[in-house]
Amino acid sequence: MATMITRRLGACLNAASTASTATAHSSIRRSFTTSPAVLSHIGKQTLPFGSDVVMTHDQTPILTPRVPADLHSTTLHIKGPLGEHILPIKPYIKLAFEQEQGDSLLSVSVLDPTIKEQRAMWGTTRALIANAVTGVTEGYTVPVRLVGVGYRAAIEGGNKLSMKLGYSHPVEIEIPEGIQCTTPLPNKIMLQGNNIQRVKEFAFKIRKWREPEPYNQKGIFVGDETIAKKTSKKK
């Protein structure tokens, strides 16, 4: 009899604990759903740019986009000393150009910051515009290091990168248009361009031919990339 009473008492305590936990979880869920939307800390920052940069916002909607995601977007043209960028701007993104003490400022905002998609594209759009401004004014430089015995790189024909990476044949890669490639040292490649995405894409295309391996720490490293050394298993 005492055993049965103990079991019933334990079952009641477990049920009460489960109910209190569920109540706590439901209150936590309610607190998250009723919280106000957090504004973008990057998107709300104004973007300064110099007089050598010209921005033109074409409000005409894109009806034949390169990718489906750009349908009905507008176009932002950014011109500078090192080239020009054309960025698609979502229709709910608002751009405002201002002048303050002789400096040009760009403010980025959205129609409804409570919508998740608009909040996500708010900071992303501002970051893409900032990268484009840096590209057309200063440009981007990405170093690539060849670490390994006999690893060498050279430019052949002006538009072809030839590398010796331990294979039975040299690896030759066409240099994309808009990217300058130089070899200041036999084991170092310098990539320069005004589009950070294209420059890094080409750098990692080179890296694929000899990805860094952790045992001897050899391979092709992009920028300040490092890899932790592993010790081989001893039998």
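Because the structure is a prediction, the values reported are computed rather than measured.
- V199 is connected to V222 through a chain of hydrophobic side-chain contacts under 4.5 Å among Ile, Leu, Val, Met, Phe, Trp and Tyr, so both are in one cluster.
- In this structure a side-chain-to-backbone donor-acceptor pair under 3.5 Å is present from K229 to Y215.
- Scanning both residues, N159 and E174, for their nearest heavy atoms gives O-OE1, 3.2 Å.
- Summarising the geometry of Q45 relative to R126, their closest heavy-atom pair is O-NE, 3.3 Å, with the distance given to 0.1 Å.
- With hydrogens and angles ignored, the 3.5 Å screen pairs no side-chain donor or acceptor of H85 with any backbone N or O of L128.
- Closest approach of A203 to V144, counting heavy atoms only: CB-CG2, 4.1 Å.
- A side chain to side chain contact (heavy atoms under 4.5 Å, CB included) with D52 is found for one member of V136, T137, L82 and no other, namely T137.
- Not one N or O on the side chain of Q192 forms a donor-acceptor pair closer than 3.5 Å with the backbone of Q180.
- Put simply, the side chain of R145 never gets that close to the backbone of N187: no donor and acceptor are under 3.5 Å apart.
- Within the 3.5 Å criterion, the main-chain N or O of I220 finds no donor-acceptor partner in the side chain of Y151.
- Counting heavy atoms of neighbouring residues, nucleotides and ligands inside a 6.0 Å radius, atom CD of E98 exceeds 12 of them.
- Contact annotation: the side chain of I129 approaches that of L87 to within less than 4.5 Å [non-hydrogen atoms, C-beta and beyond].
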